[in-house]
Protein chains: 2
Amino acid sequence: MIGITLPDGSVKQVESGTTPMDIARSISEGLARNVISASFNNHKVEATTPLTSDGSLVLHTWNDDEGKQAFWHSTAHIMAQALEELYPGIKLTIGPAIDNGFYYDVDLGSHTISDKDLPAIENKMIEIARGKHEFKMREVSKSEALEFYKNQDNQYKVELIENLEDGSITFCDHDTFTDLCRGGHIPNTGIVKAVKLMSIAGAYWRGDENNTQLTRIYGISFPKQKDLTEYLNLLEEAKKRDHRKLGKELELFTFSNRVGQGLPLWLPKGAALRERLENFLKKAQKKAGYEMVATPHIGQKELYVTSGHYAKYGEDSFQPIKTPKADEEFLLKPMNCPHHCEIFNSKPWSYKDLPKRYAEFGTVYRYEQSGELHGLTRVRGFTQDDAHIYCTPEQLDQEFKDVIDLVLYVFGSLGFENFSTQVSIRDLSKPEKYIGDVRTWELAEKAIISAAEDKNLDYVVVEGEAAFYGPKLDFMVKDALGRSWQLGTIQVDYNLPERFDLQYKGSDNEMHRPVMIHRAPFGSMERFIAILLEHTGGNFPLWLMPEQVSILSLSEKYEKYAEKVLNLLENDEIRALVDNRNETIGKKIREAELTKVPYMLIVGEQEEKDGTVSVRKHSEGDIGTMTVSEFSDMIHAEIQKESVEFKV
Amino acid sequence: MIGITLPDGSVKQVESGTTPMDIARSISEGLARNVISASFNNHKVEATTPLTSDGSLVLHTWNDDEGKQAFWHSTAHIMAQALEELYPGIKLTIGPAIDNGFYYDVDLGSHTISDKDLPAIENKMIEIARGKHEFKMREVSKSEALEFYKNQDNQYKVELIENLEDGSITFCDHDTFTDLCRGGHIPNTGIVKAVKLMSIAGAYWRGDENNTQLTRIYGISFPKQKDLTEYLNLLEEAKKRDHRKLGKELELFTFSNRVGQGLPLWLPKGAALRERLENFLKKAQKKAGYEMVATPHIGQKELYVTSGHYAKYGEDSFQPIKTPKADEEFLLKPMNCPHHCEIFNSKPWSYKDLPKRYAEFGTVYRYEQSGELHGLTRVRGFTQDDAHIYCTPEQLDQEFKDVIDLVLYVFGSLGFENFSTQVSIRDLSKPEKYIGDVRTWELAEKAIISAAEDKNLDYVVVEGEAAFYGPKLDFMVKDALGRSWQLGTIQVDYNLPERFDLQYKGSDNEMHRPVMIHRAPFGSMERFIAILLEHTGGNFPLWLMPEQVSILSLSEKYEKYAEKVLNLLENDEIRALVDNRNETIGKKIREAELTKVPYMLIVGEQEEKDGTVSVRKHSEGDIGTMTVSEFSDMIHAEIQKESVEFKV
């Protein structure tokens with residue numbers, strides 16, 4: 001008999017040789033139907049692997065990441081079989097699961113495969129899947145394994161096996177197909193109900209451009225046809241919402257090869273959007289007792305020697321800026337905290353003055369490889385909605401809670417209702433990794449967890465994920481397409497106060513070290529705007545829209561009246577423009593719809609006579625005729641409704 | 001007979017040997033009394049120099065710069081004589097006039113001079129001055145000159161003479177004193193009525209630290225005692241208004257040696273002040289049809305190769321930022337225009353879209369030697385209130401006028417009533433120095449001059465002062481102490497549109513080159529705030545004040561009421577703070593006066609009972625008791641009065 005510990009802590013005594021599937025079945029038939037893979041003592045096993053020792057077991061279904069990985073990895077085997085059958089003589093190399101699906105790299109020899117061949121491969125795969133062939137692992141000796149692939153003249157697998165240790169080598173069989181494989185499969189091919197091969201790309205063997213170029217085929221699979229349809233719709237929708245595409249269409253930002261990759265240039269509408277977001281946060285921050293400061297984008301070497309960043313400045317970074325003075329060096333700032341510490345240090349403080357909360361929309365620069373740059377989400381210069389709070393250890397608890405309130409206010413105001421958080425704490429077994437004494441860490445970790453509890457956050461605590469300088473709380477939001485994005489962060493820091501020798505005079509008249517909190521609700525303005533674009537598809541809340549109203553004249557005759565309406569709206573601080581072109585009203589409406597302007601006002605003879613406007617709402621259509629001032633009131637009421645004030 | 005042309009163009013026929021003073025006398029006795037120096041054919045001469053050829057003559061009085069220079073240079077001779085008499089055996093080196101006074105560098109040998117010796121030297125100088133000794137120039141041969149100074153064992157003058165050409169060497173005598181001198185003196189020592197020696201400093205011979213260290217004595221002199229008194233008062237006042245001192249006292253900005261010299265850190269009150277100024281200009285710019293953009297603080301080498309700045313990047317600049325990629329280089333941006341040109345280039349334009357007016361508070365970096373840094377007026381990183389207008393050549397005239405209106409609005413709103421302007425145009429004799437064709441230059445110069453006329457500006461046209469890329473208009477303001485500061489600039493640019501190949505489609509359907517205007521009314525935010533501090537002594541207009549109101553409680557008993565008043569004011573968007581310290585009201589008032597807060601509200605028992613406040617105005621005292629809402633109305637009325645809206 002062996003003891004199997006389940007995630008809820010319960011222990012099942014079962015006979016040696018019992019499989020994870022057996023255990024699932026012993027719990028419930030429903031569970032057994034859904035189990036597709038398992039982990040035993042933190043190692044991937046098959047649902048059908050006999051367990052022969054005590055250990056902890058986690059059962060995986062399609063709904064968790066490990067389940068999906070097994071599902072997609074198994075589908076890669078099915079694709080490999082299909083390819084071998086359709087293209088005899090090809091050589092397989094590796095075929096892993098990835099974040100969304102799987103791929104297999106194959107040496108096609110004299111064959112070629114193009115996009116138009118993919119449906120036939122998909123069909124073959126489905127045919128194989130329907131056979132409900134079991135995936136069966138078996139151990140093979142190194143010599144056996146080598147012989148198998150030498151017979152196939154497959155130098156790739158031979159090379160892989162040569163690097164493996166005898167006794168640790170396994171093959172996986174299903175149907176007529178065999179592959180070198182470490183394991184982690186679903187019980188049988190029949191579970192795979194829907195397959196889509198996404199694309200074909202070139203890939204060098206082992207990623208080295210001196211090696212043979214292989215053909216990589218990307219695919220994804222699902223346990224239900226409906227899941228595939230949804231996924232493809234999501235992809236289609238994501239393509240439409242790609243912030244790079246929307247940013248261009250809405251004229252928010254641009255890039256220039258001369259200025260440099262990864263350095264966005266904000267066009268007028270984008271700069272105004274960004275400013276509205278900044279003003280929104282500034283207003284809330286003011287209420288929350290923050291003070292804005294402003295610092296340069298560079299700092300002298302000495303600053304970063306003090307902060308400790310200089311030592312971490314490597315060859316993969318923007319290099320230091322030299323000056324005519326020997327030994328003088330400046331760095332593009334990688335973060336704003338050292339500058340803020342110097343501001344804190346510019347005068348003496350008493351405990352009565354704390355907390356000090358310095359906020360800045362501070363631009364930082366980090367060198368990214370050009371291949372890793374992506375629109376506004378991976379850039380080389382970005383602006384953090386940064387702030388640093390300097391407080392007494394006793395104030396940490398309350399300050400942390402207040403910061404959470406602010407972050408939640410920001411997310412709520414911008415329509416991110418769906419988010420989770422992670423509390424990153426020390427690895428207790430490695431105290432040497434962390435700066436600061438144990439008691440302050442304990443206090444800080446407790447403060448964060450109690451704050452997360454207090455604020456009813458959906459949180460997980462992850463040990464060992466804290467920075468060396470302090471524990472932190474990270475926010476991940478889900479956008480409208482269900483994609484997760486890391487946004488804001490709140491971090492406790494014991495390191496910089498030490499390195500910058502920050503002090504305040506306590507009520508005991510002694511000098512003390514303040515605690516520092518780093519926080520950024522948006523994270524980076526660039527990244528946040530990218531996510532907001534993809535989340536809303538460019539249909540921002542009304543208060544944020546670059547243009548709120550487009551006035552469409554029925555013909556050039558009504559230009560004067562259109563301008564009058566524009567003037568009235570502008571006096572009411574409504575952002576509007578006039579389309580007076582000599583085009584049909586139908587064309588004007590269609591084009592206005594594309595710009596996502598929330599309201600269109602149509603003006604013609606009747607409207608001019610009555611002093612009214614005919615109102616159309618974006619993607620909804622006509623909502624009636626009203627006076628300009630009624631329309632203005634309606635707009636302001638809508639904005640009012642959206643704009644909840646931050647309360648402290 | 002020779003012909004002497006006077007500045008008004010008239011020509012006087014006089015006998016050869018006539019002196020400038022004779023000519024002055026022939027014009028009027030009053031003029032003759034005031035003439036102290038002259039320029040003949042653009043060379044300095046004495047008022048007593050006989051003129052022996054045709055030429056143009058300018059007579060100088062104390063009221064022009066050249067007159068002052070002669071006055072101060074002559075006083076340096078008097079000081080040298082006084083020093084030789086008081087400290088026998090010292091060796092003179094050089095003694096020029098400077099912007100405010102003069103200095104003389106002397107090798108004191110075994111003597112020493114300290115501040116307490118200065119009055120005795122001043123007395124001796126006045127004694128010499130009263131002798132009304134004439135300054136008389138005479139030519140000497142090189143050998144004669146060398147012998148004179150070798151006899152005095154003065155290696156410095158010997159070294160100077162050795163570098164001069166025989167035949168060009170002159171001495172100046174007055175009383176018993178003789179000095180090597182090129183000329184440019186007042187007629188006699190008696191005109192110097194007041195002398196003040198300001199300070200003593202060390203200075204290396206020829207500015208080279210490997211040479212002997214000399215003693216430099218700084219002084220200034222005036223034709224009237226009253227002028228000296230006024231000057232010393234002005235210095236005293238200027239010291240009080242020194243923006244570095246006020247910036248510290250008012251907690252506006254600070255510097256950190258770690259961050260780096262010349263890189264200001266804006267403290268909360270300073271950052272808020274700056275933001276108010278920015279918002280003020282943004283509002284006016286919006287009305288004037290500008291659009292804000294935002295660009296990074298760095299740009300790739302290619303950008304500056306295109307703009308032409310890269311070629312001018314020398315060893316005295318911030319050096320390029322290298323990256324892991326070979327040949328890739330970024331520069332801290334020295335100006336914003338190349339980025340804005342790339343924004344203009346991001347889409348095609350029609351003549352109907354122009355003018356485009358891109359504005360940005362854009363930070364630029366320029367390396368200055370550490371010795372040249374000075375508070376906020378000479379820094380290494382500063383933010384320009386920059387904008388670039390892209391227009392058709394036909395629009396240039398109107399655009400230029402509109403920019404002048406904006407600049408005048410800015411100056412007027414901030415209390416700079418006293419300013420002059422300079423129109424810088426081509427040197428017509430050197431057409432090769434300038435880019436762009438002659439016709440466009442003519443148009444642009446005409447446009448600027450006609451705009452200056454039209455706007456009734458006090459302007460001078462200076463030939464040859466235009467940049468190679470276009471003519472410009474610069475604004476110089478006079479502050480409350482009468483000091484001149486260069487502020488805003490408006491420049492026409494034909495160069496960058498060419499280099500960036502900027503284009504628009506004209507009404508003729510052909511592609512055309514737009515004209516570009518650079519403009520910055522403040523010039524730099526840092527410099528402007530420095531000047532505003534020195535101009536106002538920190539007593540900014542009410543709308544700009546960091547704190548508008550200080551609420552002083554009569555005792556801690558009234559803390560609650562004080563907080564209530566604070567709340568009411570904050571709800572009315574008035575910036576206020578409470579002084580609840582356990583101090584006497586007298587001390588609180590005195591301290592509030594020092595912070596320059598415009599209004600103090602005293603609250604005690606009676607005020608709490610009546611719901612009122614007792615109002616004191618900064619530097620004026622008690623102005624009566626009123627309700628909080630009456631006070632709030634008063635403040636808003638005052639701000640309203642100050643804040644004239646920009647009208648287009």
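The chains referred to below are lettered A, B, ... by the order of the sequence lines, with proteins before strands, and numbering in each begins at 1. Note that these values count all heavy atoms, side chains included, but never hydrogens, waters or copies made by symmetry. Note that the structure is predicted; figures quoted are calculated from it, not measured.
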Which bit of [X] comes within less than 4.5 Å of chain A, counting heavy atoms only: side chain, backbone, both or neither?
X: Asn257(B); answer: backbone
X: Lys248(B); answer: neither
X: Tyr365(B); answer: side chain
X: Tyr367(B); answer: side chain
X: Phe255(B); answer: neither
X: Lys352(B); answer: neither
X: Pro264(B); answer: backbone
X: Ile298(B); answer: both

Hey, are the side chains of [X] and [Y] touching, using non-hydrogen atoms and a 4.5 Å cut-off?
X: Arg380(A); Y: Phe330(B); result: yes
X: Phe382(A); Y: Arg366(A); result: yes
X: Glu570(B); Y: Leu568(B); result: no
X: Pro546(B); Y: Leu250(B); result: no
X: Ser553(A); Y: Glu556(A); result: no

So which of [options] has the biggest tally of heavy-atom pairs under 4.5 Å with chain A?
options: Gly260(B), Ala294(B), Ala271(B); result: Ala294(B)
options: Lys269(B), Glu291(B), His297(B), Gln319(B); result: His297(B)
options: Leu331(B), Leu303(B), Leu267(B); result: Leu303(B)

*Looking at Arg274(B) and Glu526(B), does any basic side-chain N land under 4.0 Å from a carboxylate oxygen?*
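Yes, charged N to carboxylate O under 4.0 Å.
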_Looking at Glu645(B) and Lys283(B), is there a salt bridge between them, counting it only when a charged N and a carboxylate O are closer than 4.0 Å?_
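Salt bridge: yes.
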Name the option with the most non-hydrogen atom pairs under 4.5 Å to chain B; the candidates are [options].
options: His339(A), Glu302(A), Lys325(A), His340(A); result: His339(A)
options: Gly270(A), Pro268(A), Gly299(A); result: Pro268(A)
options: Tyr290(A), Phe500(A), Tyr304(A); result: Phe500(A)
options: Thr306(A), Val305(A), Thr383(A); result: Thr306(A)

*Contact part of Ser370(A) toward chain B, heavy-atom cut-off under 4.5 Å: side chain, backbone, both or neither?*
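Neither part.
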*Check the pair Glu360(A) / Thr295(A) against side chain to side chain donor-acceptor pair (under 3.5 Å), numbers first and verdict last.*
CA-CA 8 Å; Glu360(A) 178 172 22; Thr295(A) 64; 2.9 Å; yes
_Within the supplied structure, the quantity of interest is the number of heavy atoms (other residues, nucleotides, ligands) at a distance under 6.0 Å from Glu573(A) CD; does it exceed 12?_
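Open.
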